[in-house]
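We're numbering straight along the sequence, starting at 1.
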Amino acid sequence: MNYKRPKADVVIVGLGWSGSTMAEELTRAGLKVVAIERGAWRDTTTSFPTTRDPDELSGSVRKEILQAPVTETYTVRNKAGQTALPMRKYHNLTLGNNVGGAGTHWAGASWRWLPFDHQPYSHVMQRYGAGQLVDGLILQDWGVTYDDLEPFYDRFEKIAGTSGTAGVINGQRQPGGNPFEGSRTAPYPTPALERSRANVLFAQAATRLGYHPFPVPSAMIGAPYKNALGLNLAPCTYCGYCQLYGCGNWSKSSPNICILPVLMQRPNFTVVTECEVIRINTTPDKKMATGVTFVDSDGNIGEQPADIVITATFTLDNTRLLLLSGISTPYDVASGQGVVGRAFTFQTLSWGFMFFENEYLNPFMNTGALATQIDDFNGDNFDHTGLGFIGGAGIQSLSNQGLPIGMAGLLPQGSPQWGKGWKQAFRKGYQNYAQIQGQGTSFAHREQFLDLDPTYKDRFGQPLLRITFDYNENDRRSGRFIRDKCVEIAREMGATQVGGDSFADRPYSGYTPWDSSHVQGGVVMGEDPRTSVQNRFQQNWDIPNLFVIGASSFPNNAGYNPTVAVGATTLWTAKAITDLYLKNPGPLVRL
């Protein structure tokens, strides 16, 4: 059966952080908004009650809260010319499958990106010149600066109740914070989390080496807090069930606790769950969007007409939706022309692994973002002259592992693999294992892109998205550099066994344990329609009533998690819609 829903002012595809943030802004402005979400409804009180113990087997091992590959997957290859194969089991892209999206189960690291991250091309050209770039690297500015976004970073943090210690307020450095961050207008809404024992050892070692440790800003609430929408959040209890779990204690900022309780009370908002959007509808000349087509849980085809269409899905799904809808020009790797699918980036992770002797690190007391970091080697905070790469990483002591199944394989070298000896080694290793993560930048390359797979299709008969990605030479060089810094700090911490790794030293695989899920790009924003899909307001260059929001807009990847940057750019775009577009519908940037 086919049917058409009543027309809305705005239809939003996806109701995670970006979709719910946008919906709150637009409904508050008086617009009638319909959100369409592929997953089911999740309510904090009933879906994650505090009366039920979290279950590591169902959460961390079986990943029951995530979108299953049988629902939607991607094909992957390292280079053009290879045959891509679908990822048929859970992989390192941890997608949400519910209202709240990945914001329900995310780990919670809550970063503002550096001013450099928003204008990498201008900065690199001014400081080093084009000779600093490896062959084929794509580097471009966003068209919006950190200073443009600062009020929106501030607003999002006050919605989320972000915990942390400010490093720079109104141009003045603050004790204990990140001295490299862009200047803020206000402190974090709630205080930083307590450091773990591993964090303390890291901070002491980093200080001795002349670096500048600070607590990682977190979605885990540092004190009782009423957020900017009037919702009460509770302080974190360090239970350790954060990443891949919803928080029933109202202690981890998520759309489910920070926005949806307010949004669901508004008569001009509707959410349609368990419906998958398969196409953005346009006029025959593709000059305007008219709404979306979706498939509901009964297999019926529905249409949602709207004056404004906003897609707010996962990075890869935003790209796929534009490709399936024939909107804008797909990227062609042979010619280097086209924009949709271009400038796709992953993230470069490096590690230091270590075991101590006779420590009591108590890893069971943790959160998804309990970490202490240095930014001395992030972005362009250090001189890259002669190093042969750009970018770097935030290097952090990360205390987010403590669940027994996940820790069972982390044993000192030479440990027995079974029996009584294994049990003794596990008991010792549990209290003495620690890790340092270098979460690295990633810059796009001409040979990294997204397109539609010519062979594999989804359950609706539509092509899957194909990922063509391998670490480029810039990734490899920066990854090795950061790995060596991680090992240096681990040794300074006094560990008895130290090892290092850089994932960029081997071909990319979607099944690499502990790898990042932070993919960016494919529908990037920018200043030139020849190299970007949309303008500085995340408005499509060709279709002015179509906005694509989320990390798909970012033409480069920072040494940070993307969520707060997604929130800031979403609020930036929402203000452009309410203050500019509604008063004069049409392109917001004219060339």
Novice: Without swapping roles, check the side chain of T73 against the backbone of M87 for a donor-acceptor pair under 3.5 Å.
Specialist: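 A pair under 3.5 Å: yes.
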
Novice: Please identify each residue that fulfils salt bridge (charged side-chain N to carboxylate O under 4.0 Å, His left out) with E473, with sequence neighbours left out.
Specialist: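 Partners of E473 under the salt bridge (charged side-chain N to carboxylate O under 4.0 Å, His left out) test: R476, R477.
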
Novice: Check for a donor-acceptor pair, side chain of N556 on one end and backbone N or O of D117 on the other, with a separation under 3.5 Å.
Specialist: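 Checked: pair present.
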
Novice: Closer than 3.5 angstrom, by distance alone: can the side chain of N199 be matched with the main-chain N or O of S397 as a donor-acceptor pair?
Specialist: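 Here the side-chain-to-backbone pair exists.
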
Novice: Quick check: are there more than 12 heavy atoms from other residues, nucleotides or ligands sitting under 6.0 Å from CD of Q204?
Specialist: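 Atom CD in Q204 is crowded, with more than 12 foreign heavy atoms closer than 6.0 Å.
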
Novice: Can a side-chain donor-acceptor contact be found between D528 and Q140 if the only test is distance below 3.5 angstrom?
Specialist: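 Per modelled atom types, Q140 and D528 side chains form no pair under 3.5 Å.
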
Novice: Holding to side-chain hydrogen bond (donor to acceptor under 3.5 Å, both in side chains), I want the full list of residues that pass it with D332, two or more places apart in sequence or in another chain.
Specialist: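 Counting only residues at least two positions away or on another chain, D332 forms a side-chain hydrogen bond (donor to acceptor under 3.5 Å, both in side chains) with S335.
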
Novice: Is the closest basic N to carboxylate O distance between D148 and R536 below 4.0 Å?
Specialist: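 Yes, charged N to carboxylate O under 4.0 Å.
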
Novice: Are the side chain of E37 and the backbone N or O of L15 linked by a donor-acceptor pair below 3.5 Å?
Specialist: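 Indeed, once roles are kept as given, a pair shorter than 3.5 Å links the two residues.
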
Novice: Counting N and O atoms only, with roles assigned by atom type, does the side chain of Q539 sit under 3.5 Å from a partner on the main chain of Q534, one being a donor and the other an acceptor?
Specialist: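 No: the side chain of Q539 does not pair with the backbone of Q534.
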
Novice: Could I get the full list of salt bridge (charged side-chain N to carboxylate O under 4.0 Å, His left out) partners for D375, not counting sequence neighbours?
Specialist: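 None.
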
Novice: Output all residues satisfying ring-ring contact (aromatic ring centres under 6.0 Å, His included) with Y508, sequence neighbours left out; order by chain, then residue number.
Specialist: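 In terms of ring-ring contact (aromatic ring centres under 6.0 Å, His included), with neighbours along the sequence ignored, Y508 is linked to F346, F469.
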
Novice: Decide whether S328 and N540 meet the rule of one side-chain donor and one side-chain acceptor closer than 3.5 Å.
Specialist: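 Side-chain D/A pair, S328 to N540: present.
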
Novice: Just checking, any donor-acceptor pair under 3.5 angstrom between side chains of T75 and R466?
Specialist: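 Checked: T75/R466 side chains show no N/O donor-acceptor pair below 3.5 Å.
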
Novice: With sequence neighbours left out, what residues match F314 under ring-ring contact (aromatic ring centres under 6.0 Å, His included)?
Specialist: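 For F314, no residue satisfies ring-ring contact (aromatic ring centres under 6.0 Å, His included) once neighbours in sequence are set aside.
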
Novice: Using the side-chain hydrogen bond (donor to acceptor under 3.5 Å, both in side chains) criterion, which residues pair with W351? Sequence neighbours excluded.
Specialist: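 In terms of side-chain hydrogen bond (donor to acceptor under 3.5 Å, both in side chains), with neighbours along the sequence ignored, W351 is linked to no residue.
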
Novice: Answer yes or no: is there an ion pair linking R155 with E150, defined by an N-O contact shorter than 4.0 Å?
Specialist: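 Result for this pair is no, no salt bridge flagged.
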
Novice: The criterion is ring-ring contact (aromatic ring centres under 6.0 Å, His included); which residues satisfy it with F554, sequence neighbours excluded?
Specialist: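 ring-ring contact (aromatic ring centres under 6.0 Å, His included) check on F554 returns W113, W142.
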
Novice: Not counting sequence neighbours, which residues clear salt bridge (charged side-chain N to carboxylate O under 4.0 Å, His left out) with D579? List them please.
Specialist: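 Applying salt bridge (charged side-chain N to carboxylate O under 4.0 Å, His left out) to D579 gives K575.
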
Novice: Output all residues satisfying side-chain hydrogen bond (donor to acceptor under 3.5 Å, both in side chains) with Y146, sequence neighbours left out; order by chain, then residue number.
Specialist: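 Testing Y146 for side-chain hydrogen bond (donor to acceptor under 3.5 Å, both in side chains), a comparison that skips the adjacent residues, returns R112.
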
Novice: Below 6.0 angstrom between ring centroids: does that apply to F382 and F180?
Specialist: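 So the answer is no for these two rings.
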
Novice: Verify the ring-centre separation between H105 and Y245: is it less than 6.0 angstrom?
Specialist: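 Between H105 and Y245, which both carry aromatic rings, the centre distance is not below 6.0 Å.
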
Novice: Charged N to carboxylate O under 4.0 angstrom, K485 versus D376?
Specialist: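 Not counted as a salt bridge, because no side-chain N and carboxylate O are separated by less than 4.0 Å.
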
Novice: Looking at T329 and G338, would you say the former's side chain and the latter's main chain have a donor-acceptor pair under 3.5 Å?
Specialist: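 No, because the side chain of T329 does not come within donor-acceptor range (under 3.5 Å) of the backbone of G338.
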
Novice: Is it the case that S517 and N92 place a side-chain donor and acceptor less than 3.5 Å from each other?
Specialist: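 Distance-only check fails for S517 and N92.
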
Novice: Who pairs with K158 by salt bridge (charged side-chain N to carboxylate O under 4.0 Å, His left out), at least two apart in sequence or on another chain?
Specialist: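 Partners of K158 under the salt bridge (charged side-chain N to carboxylate O under 4.0 Å, His left out) test: D154.
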
Novice: For the backbone of F481 and the side chain of D484, can you confirm whether one donor and one acceptor N or O come within less than 3.5 Å of each other?
Specialist: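 Side chain of D484 to backbone of F481: no pair is present.
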
Novice: Which residue in the set D470, T512, D501 passes side-chain hydrogen bond (donor to acceptor under 3.5 Å, both in side chains) when paired with R506?
Specialist: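 For R506, the side-chain hydrogen bond (donor to acceptor under 3.5 Å, both in side chains) test succeeds with only one of D470, T512, D501, which is D501.
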
Novice: For S552 and N318, does a side-chain donor sit closer than 3.5 Å to a side-chain acceptor?
Specialist: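 Distance-only check passes for S552 and N318.
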
Novice: Is the charged tip of R184 near the ring of Y188: under 6.0 Å from the six-membered ring centre and within 45° of its axis?
Specialist: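 Positive - R184 is close enough to the ring of Y188 and near enough to its axis.
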
Novice: Taking L114's backbone N and O only, do any of them form a donor-acceptor pair with E181's side chain (distance below 3.5 Å, no angle check)?
Specialist: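 No, the answer is negative, given that no donor and acceptor are paired below the 3.5 Å cut-off.
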
Novice: Do we see a donor-acceptor contact under 3.5 Å between the side chains of T162 and E157?
Specialist: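 T162 vs E157: no donor-acceptor pair found between side chains.
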
Novice: Indicate, with yes or no, if the rings of F377 and Y211 have centres closer together than 6.0 Å.
Specialist: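 Yes, the ring centres sit under 6.0 Å apart.
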
Novice: Who are the side-chain hydrogen bond (donor to acceptor under 3.5 Å, both in side chains) partners of R173, not counting sequence neighbours?
Specialist: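 Expected list: none.
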
Novice: Are side-chain N/O atoms of R195 and T372 paired as donor and acceptor at under 3.5 Å?
Specialist: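 Yes.
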
Novice: Give a yes or no on whether the backbone of I549 and the side-chain of S553 come within a donor-acceptor separation of less than 3.5 Å.
Specialist: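 The answer is no, because no donor-acceptor pair under 3.5 Å joins these two groups.
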
Novice: Could you tell me which residues satisfy ring-ring contact (aromatic ring centres under 6.0 Å, His included) with H91, sequence neighbours excluded, listed by chain and number?
Specialist: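 Once residues adjacent in sequence are excluded, H91 has no partner under the ring-ring contact (aromatic ring centres under 6.0 Å, His included) criterion.
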
Novice: Return yes if some donor-acceptor pair links the side-chain N/O of W111 with the main-chain N/O of T563 below 3.5 Å, else return no.
Specialist: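 Here the side-chain-to-backbone pair does not exist.
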
